[in-house]
Structures are given as structure tokens and as C-alpha cells.
Amino acid sequence: MAKRVGERRPADGFSVLLLAAGKATRFKSEHSKVLHRLAGRPLGEYALRTALAAGPERAYMVVGHEAEEVRRTFARPGLTFIEQKQQLGTGHALMVARPELEECPSPTLVALVGDAPLLRAETLRGLVDAHRKARAAATVLTTYLDDPRGYGRIIRAGRAGRARPGGRTRSKQESGYVRAIVEERVSTPAQKKIHEVSSGILCFSRAKLLERLDELSNRNAQQEYLLTDLIEIFNRHREKVTAFPVADSREVVGVNDRVELAQVEKILRRRKAESLMRDGVTVVNPEVTYIDEDVEAGSDTVIEPGVSLLGSTRVGRACTLRPYSTIVDSALGDRVTVRHYSLITGSEVASGAVIGPFAHLRDGAVIDEEARIGNFVEVKKSRVGRRTKALHLTYLGDATLEENVNVGAGTVTCNYDGEKKHPTLIEKGVFVGSGSMLVAPVRIGKDSYVGAGSTITEDVPPESLALGRAPQINKEGWVRERKHRKEGGQQGPRSPAVPPTGPGGHGAPVTEPVKRSRGADIAVRRAGTVTVIEVKADLTRAHVAKELGQKIRQTIGPNHSQVVVNLGNVTSIDSAALGELVAAVKAVQDEGGQVRLSDVSPEVLRAFRAANLHHFFEIHRHEADALASFDQPGASGG
């Protein structure tokens, strides 16, 4: 019966023992070498994935230094950990693993170092097949280096003149079976000229390994039990030891210090960029682009210089990632634009969204389709709805923004009370004016307006205007008076920041007197079918604003109301009056009526603009213009 592709007969089976117990001595680090990060993964993850991809029957990892952290990092189904509590050498690691190896079903065992990140599974399978065909006790994975300093030399016996990889000729010492592996520090001048070196990766006949393992000794220059000493032991017993050279030395060269770590990282990142480019991604300058091994990106995406795509990031199709943006463990949909210097961590961005420049998304932020997050906007644990915009200098934390919300510059969701975080809900169609503070927990109802500069501490009903400002105080001539006093050697005027208070100096500030015209504060007259309401006092007193609201509402009748509010005598208006005016005008409009404002002073118009209400009101320069806008023949404003 024919064997299926990829299927191994029991006699062909092998197991892998990954050596990962040592401390990163040459890294000058307190941490295990296999835990150091390399292109987005722990260094040991590469060798482990290669070992598992080769298809072993059993996989073991010997741990020692930082054993618990190494277990947590590399734990997965099918991997057995063996703890080497004392790190007395690579041979000692096999001695510690002996109980597990005696129970292992495989005839062949590969001892694999944990710091060979470029090793391929195909090479590992080739080593096993070569070992099996040679019927050897051990097979050493070797390579040839132009500069072999620092590596153990392969001492061979047998015929000379066999060609090395690259067309060069092996010396007599470099041909035939392997007699020994000699470390750099104890090698002779002649041995130092040998260019074939050991990778530290060996394949054993499991039965012969267990038979000779007890013969290992620490009587050597390193005073350790060395795995490589088994080569001489096998030779003493006339057991065959062969070599399996690999042509690309980069595959088996280990990472021994941080310099080599950086060199290997450069290789891995270049390979990753080339792989993405072959799949249809544009990487403008791979040399200054940092893409981790597990990153995915769709075709027609453009990655510009300085971009970092880290962790398990996924980028959709036709995205544009502008220079120096960083995306970590996040998911981007199709056609997303991330502008310069933006940072996205642990977040989701849906198709068509635009992020940045200088934006920060973090801690589970979710940006829905076609939303826009702009300059210096931070979004944390919040959902930003479809087509919602927050374009300038804003913080959105623990918030839910529904679709078509506009958030003005400088808005902050005040989510933290010093002890707990609280949510903010902004329903669809809301307009939040610039410089607003939304003190959570708070809900802004559908289609509402929040006036610029407001501090909102209570829920806002749907279709409402929310204003939360203190009245402005202007002290005319204050600067001139201060300058005069200073020149006269007197103290400056009392601070205008402290308004007068109620009786006894306590309670809320009282409003300063305003100049009023003679007669009633509000006058109502008719101009044809139009009701003209003339305001004769500044709208900074509560009773005047309330009376104006009442007069406007009184015009509502069975027929469509047409109203002109003449503000020619009004030079100031506060937030309470703005709210009263908006509510009254909306009440008339809801009944099918129409309201015009006329003769609005520059001061009042500035207040409308500050609250973003100049678009809400229909404003005319003169009363006659307002009357004419109703198309009433004969209406003269009389």
C-alpha cells in the first residue's frame, strides 16, 4: 500500500528536544535568552515553531532560568516542559530529560538550540532523513563560515578533496565522518583554520544516546557536561557520526548577543516586507519600515516610510498608512487612512475611517465606518459611530458616540471622578460645541446641541440646546484705570474676577445693573399678519428672558404664526436667555410657525456664534427686511 504524502512510517518518526534553560550571559541580561523579543516574537518562538512544523511525534522543552515565565510564554498543546534546575551544560540538560526520553516512542531525537530563529522546517526534516539513511549514532548539522571565530570546529576523518558549498575544496580534516567538535578556546592553530562549524543542533539515535549518556563528564575546559562531547564518546565505541551541512549559514547561526539579535531582526523584517510586497502590498522603503512576523496586510495597501506594524496587527485592503504611524495588536478594515505620527494600540478601525495626524487610539477603542478622528484626539475604551467626527484636541474616554455626531475642538469626556470611571453616551446627530466638558455619567440626547464652552453635568433631552456657562462680565475702562493708578503709585483696582455677592457677602453673585429704556421690557405690536415683539432691555435678567419666551409662545394659534423679534435695544445676552429664546422659537416652528430676528447687535451676534446658533436663527439686518421676508404686501414695520 502506497504511503500518503506527509505520512511517516513508525520507523521514520522523530522527536524534538528544545534546549532553552540557559541565562543570556552574553546578552548581559537577567532574563532568559529565549524571552528576548525579535521582530515581534520571543526569540525562542522561532525555533519552537520550526520544530513543530517539521512534524515530530513528541516535542520537549528544557527550561531552567526564569522557568515559570518561559512556561507561560511557550505553553501550547503537545509541548512537554522539563525543568533543569541547575544549569550544568547542554549535556546535563539531556541527562535531566532522560526519564522522558526513555518513554519516548521515536527512534530518532533532534536536540535543537533555542536561539536559531532562521532555521527552516525543511532543513530539520532533511537532517533527520540524512541521519536515518546513514544509520548513524549521531548527525551534526553544520555549515561553512568565512570567519568561523567563536564556533566549534568540525574535525573529520577520511578522504580529502571533496568540494565544500560554494565550489571550494575541503581540507583533509574537513572530509569523512565526524571525529570531534572542538571549541574555539581549546582548538589548535591548525584546527582554527577549519571553516566547517557546528550549529549546536544534533540528531541522535535515541537508543544509542541513552546507552552512552552516562559517559558524559564535566572534566573539560568549560567544566560542564557538554552535548558535543558525545561525538568523541561515540567515536571511542566505533559508532558512526556524520555531518549534514546546510548551504545557507544564516539558517543555523545562533543569536549570541544583542548585536547579532539586531542583525537577525534586520533579515527577518526584510523578508517580511518582501513577502507582503509579493502579495500586492506597497512598502515604499523596507529599510525604515518595521513589520512584525505575525502582521497581515491586504493587497493595494500602501505602507510609507517609518511605519511600525507590530504584534498581531491586521490591515485590510487599499489602506494608506502615512509616515511614522504605529499600529500595535489592532485590526484595520479596508480603505482606512492612518495619517502621520498616529498611534493605535489594541483597537479596531472599520472600513473607510480616517485617523490622524497625531491621533491616539487605545485600550479597545472601536472606530466605525467612515468616522474621522483628527489632530491630537485620544480615544480610549470608546466606540465612535459611523460618520462621526472628532477632529481637534479632544479626549473621548469610556464613551459611546452614535452615528453622525460632531464633536468640537477641545471637548473632553470627564470620565474619572478620582475613584471610578463613568460612561458618556452621545446619541446620534448630536452637535457638541468647542471647549465642552461632559461630566460623566451623562447622556446627550438625539439631535441635541451643546453650546460651545459648556460644562454639562446633567442628561440632555433629545432635540435640546444645553448651555452651561457663567455670564460674561466686561469691565469697561479697567485697563486704563489700572494704568492710571500704577503711574500714580497707587494700588491697582480691585480684581474684576470677584463679582459682587448677595446680602452679607454670601451666596450667588448678583448681576450688575443694566441700562434700561423707559416703559415695559417687552412690547408687542402687529404689522399686518405678523406679530412684532420688541425687546427693550438687555437679556441678562431672568425675568426679561422668561417674559420674552412667554410672548413668543403666545403667538401660537390655529393659523401659522409669523413672528419678528426685534433685538435693536439688546446689547448683551446670557446663556439662560439663549436657552429660553431657542426653546420658544422651536415651539413656534413645531406648530408650523416662522420666527425671524432683526436688528441684532454685534455683541449679541457674537454670543450666537459662540454657541453655534447663528445657523439656527433666521437673522435680518432690519425689521423691515424681516417683515418683507414673509412676503406680506404692505407690511412696513410700522
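The first residue of the sequence shown is numbered 1, and numbering continues consecutively from there.
The two residues Asp329 and Ser312 come nearest to each other via the heavy atoms OD1-N, 2.8 Å. Closest approach of Leu425 to Glu402, counting heavy atoms only: CD1-OE2, 4.1 Å. Between Val439 and Thr455 the shortest heavy-atom distance is CG2-CG2, 4.0 Å. Considering every non-hydrogen atom in both Leu310 and Asp292, the closest pair reads CA-OD2, 3.3 Å.
Exactly one residue among Thr139, Val110, Leu227 makes a side chain to side chain contact (heavy atoms under 4.5 Å, CB included) with Phe204. That residue is Leu227. Each of Ile181, Val197, Thr228, Ile201 was compared with Val140 under the side chain to side chain contact (heavy atoms under 4.5 Å, CB included) criterion, and only Ile181 meets it.
Using a cut-off of 4.0 Å between Lys/Arg side-chain N and Asp/Glu carboxylate O, Glu66 and Lys23 are scored as not salt-bridged. A salt bridge is absent between Glu83 and Lys85: the closest approach of a Lys/Arg side-chain nitrogen to an acidic carboxylate oxygen does not fall below 4.0 angstrom. Ion pairing of Arg49 with Asp294 is present here, as a side-chain N (NZ or NE/NH1/NH2) and a carboxylate O approach within less than 4.0 Å. Of the charged side-chain nitrogens involved, none lies within less than 4.0 Å of a carboxylate oxygen, so that Glu184 and Arg149 do not count as a salt-bridged pair. Salt bridge status for Glu274 with Arg271: absent, with no side-chain N to carboxylate O gap under 4.0 Å. Under a 4.0 Å N-O distance rule, the pair Arg443/Glu427 qualifies as a salt bridge.
For the residue pair Ser106/Ser15, the side-chain donor-acceptor check at 3.5 Å is satisfied. Side-chain contact, Thr108 with His131: no donor N or O sits under 3.5 Å from an acceptor N or O.
Under a cut-off of 6.0 angstrom, the local environment of CZ in Arg314 is sparse, with at most 12 non-hydrogen atoms contributed by other residues, nucleotides or ligands.
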Let me check something: any side-chain donor-acceptor pairs from residues 365-377 under 3.5 Å, sequence neighbours excluded? List them with distances.
from   : atom 1 : to     : atom 2 : distance (Å)
Asp368 : OD1    : Arg383 : NE     : 3.4
Asp368 : OD1    : Arg383 : NH2    : 3.1
Asp368 : OD2    : Arg383 : NE     : 3.2

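Partners of Tyr60 according to the ring-ring contact (aromatic ring centres under 6.0 Å, His included) rule, which considers only residues two or more places apart in sequence or in another chain, do not exist here.
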